[in-house]
Every structure is written in structure tokens, then in C-alpha cells.
Amino acid sequence: MTASESNRCRTAARPRLHVVAAADELASVAADVVQGCVATSLAPRLGLATGGSVAGLYGELIRRHRQEALSFAGVRAFLLDEYLGLPDSHPKAYRNVIRRLLADHVDFVPGAVAGPDASASDLEAECDRYDRLLAAGVDLQILGIGRNGHIAFNEPGSPLDSTTRVVRISEATRRDNARFFDHPDEVPRRAITEGIGTILRAAHLLLIATGESKAAALRAALEGPVAPQVPASALQLHHSVTVVADRAASAELQRPAGGR
Ligand code: GLP
């Protein structure tokens with residue numbers, strides 16, 4: 001059964017929530033989920049996020065690859081989003097970030113990691129192409145969450161059924177992401193992002209949240225109303241979600257979900 005087939009008859013279920021005390025535990029619990037997907041699917045399709053929250057997970061996957069023979073040779077991977085307007089070789093372009101964080105250190109076969117082509121002359125056509133590529137199914141989508149509740153670059157107000165498209169990055173998110181750039185003005189104003197609807201098509205979602213700055217967003221995502229104003233609240237519509245959060249990020253949750 002493909003990922004999209006297994007996802008067709010989904011009914012929402014409460015996310016499995018793992019609250020962890022330390023960064024290495026967070027990386028290990030999240031890596032178990034990824035390894036479970038990679039090890040059990042014949043041709044695993046993995047959705048990759050970038051950002052500070054997922055760096056520890058990728059470090060742990062690299063360790064398991066080197067020390068425990070975890071192989072990515074049969075895995076196809078798909079970037080969740082990409083900045084527009086950065087030169088191809090820019091170190092902060094997500095395609096280059098993911099190389100440094102993961103791809104260069106494990107055994108993906110050449111061409112196995114795909115992303116939206118930010119240099120395409122017809123961006124609308126590129127968004128459609130990428131969305132069609134993903135329509136074949138993603139087994140596991142890794143996600144971070146923004147302080148304003150965004151997922152990928154789906155900012156507050158994004159339609160819950162949105163598909164891959166060009167978006168404006170909010171000033172709040174530009175400020176948050178400025179820490180990765182030499183100067184705040186360097187942060188691009190636009191991106192290509194998988195839509196919320198695109199993300200929800202994955203068979204399983206893995207959300208990672210760290211730090212107190214994410215606490216309000218995580219509560220709104222998991223316990224607030226499902227609404228475009230909090231894009232991550234769309235996770236409540238999915239039947240199979242794992243959330244791995246540290247204590248600071250989970251501090252505002254009222255109702256512990258399953259898995260804790
Ligand atoms: C960016 C990315 C998102 C990511 C978010 C949180 O805006 N587009 O995919 O989830 O930042 O990033 P961080 O983990 O660095 O807080």
C-alpha cells in the first residue's frame with residue numbers, strides 16, 4: 001500500500017506526544033520514528049524540514065548511519081520549502097542547509113534529495129510540478145513549528161487545503177530566521193512552500209518543538225481551534241501525528257496527549 005492509499009480513509013486521532021528532558025533524548029526519540037519509517041518501507045519517502053529544531057535529529061541520524069549502519073540508500077527525500085531570491089550556492093538556501101545537516105553525511109544515492117527549484121523561470125509551473133511529485137506519497141513528514149504557529153512557510157492565514165505555492169514570508173518569521181543570516185536584511189521575503197494540504201497528505205507527521213519560545217504556538221497547535229490563523233493546528237486533522245517536544249516547549253499544554 002502506498003502512503004497516499006494508506007492515508008485515504010483517515011480519521012483524526014490525538015497526536016502521540018513525547019515530552020523529553022534533554023536535547024539528546026529528543027534527538028533519539030525523533031530518530032526512532034524516522035528509523036522506523038526508513039526500516040519498514042521498501043522505498044521510503046521522507047519529507048525533510050530545516051531549522052534549529054531538527055538539527056539534533058539529523059545529527060542522531062548521521063550517528064546511527066555511521067555507527068549502527070542505518071542506511072538511506074533506498075530513501076527518497078523531499079524538502080518542505082525553499083527560499084526565493086538566494087543564489088544557488090548561498091549557504092542558507094535550504095537545499096544547501098540540508099546537505100550540511102544531513103545529506104552529505106549519509107548514503108543517499110545521487111539525486112535522491114529533491115526540493116522546489118527556486119531558480120525556475122516559471123515558479124507557478126514549478127510549484128505544480130513539485131506538488132505532483134509529492135502526490136505519489138510521503139511516508140513521513142518531519143516538521144518544525146514557527147513561533148507564530150507556521151509550518152513550512154505556511155504563515156497564519158494560509159488555507160488549510162493549500163498546495164505548493166509561492167508565499168510571502170511574514171516579518172515575524174523573517175526576524176526569527178535572521179539568526180541564521182549575517183544580516184537581517186538578507187532574509188528573503190518570499191519562498192516556495194509545500195501547502196498545508198500537501199503536508200497533510202503524508203502518511204505520518206513528526207513535529208519537533210523546542211524551547212519556551214514555541215510553547216504558546218504548540219499549545220495553540222495541539223489544543224486550540226483548527227484554524228488558518230494557526231497553520232500547525234491543521235495537524236489535528238491528521239490521523240497519525242507524533243510530537244516530540246522538550247519541557248520548555250510543552251510547558252503550556254493543558255492536556256497531555258497519548259504517548260507520554
Ligand atoms: C522556518 C522553516 C520552518 C521551520 C521553522 C522553525 O521558517 N521554514 O520549516 O519549522 O522555521 O524553525 P526553527 O526550528 O529554527 O525554530
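If you read the sequence from its start, that first residue is 1, and numbering goes on from there. Counting starts at 1 for both ligands and their atoms, in listed order.
- Note that the CD atom of Glu212 and the CD atom of Glu252 stand 9.5 Å from one another [nearest 0.5 Å].
- With a 4.0 Å heavy-atom cut-off, ligand 1 is reached by the side chain of Arg179 but not by its N, CA, C or O.
- The protein non-hydrogen atom at the shortest distance from atom 8 (N) of ligand 1 is Asp81 OD2, 2.8 Å.
- Here the CG atom belonging to Leu17 is positioned 7.5 Å from the CG atom belonging to Leu218, to the nearest 0.5 angstrom.
- The protein heavy-atom contact nearest to atom 16 (O) of ligand 1 is Lys214 NZ, 2.6 Å.
- Close approach of ligand 1 to Thr173 is summarised as follows: ligand atoms under 4.0 Å from at least one heavy atom of the residue are 7 (O).
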Chi angles and distances behind the side chain to side chain donor-acceptor pair (under 3.5 Å) call for Asp131, Thr163: CA-CA 7 Å; Asp131 215 75; Thr163 55; 4.7 Å; no
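- Residue contacts with ligand 1, taken as heavy atom pairs separated by less than 4.0 Å, involve Ser53 via backbone and side-chain atoms alike.
- For the 3.5 Å distance criterion, the side chains of His150 and Thr173 qualify, holding a donor opposite an acceptor.
- Here the protein heavy atom with the shortest distance to atom 2 (C) of ligand 1 is Tyr94 OH, 3.4 Å.
- Among protein heavy atoms, atom 12 (O) of ligand 1 sits closest to Gly51 CA, 4.0 Å.
- Screening Val54, Ile199, Val241, Ile208 against Leu143 for a side chain to side chain contact (heavy atoms under 4.5 Å, CB included) leaves a single residue, Ile199.
- The distance criterion of under 3.5 Å between nitrogen or oxygen atoms is not met by Leu80 with respect to ligand 1.
- When each of Leu102, Val113, Leu140, Leu206 is paired with Leu46, the side chain to side chain contact (heavy atoms under 4.5 Å, CB included) condition holds for Leu140 and for no other.
- With respect to atom 11 (O) of ligand 1, the closest heavy atom belonging to the protein is His150 NE2, 3.7 Å.
- The part of Thr50 lying near ligand 1 is the backbone, judged by heavy-atom distances below 4.0 Å.
- Contacts of Tyr83 with ligand 1, taken as heavy-atom pairs under 4.0 Å, are absent altogether.
- At under 3.5 Å, a nitrogen or oxygen of Ala152, whether backbone or side chain, sits near a nitrogen or oxygen of ligand 1.
- Less than 6.0 angstrom separates the ring centroid of Tyr83 from the ring centroid of Phe181.
- Protein heavy atom at the shortest distance from atom 6 (C) of ligand 1 is Ile145 O, 3.6 Å.
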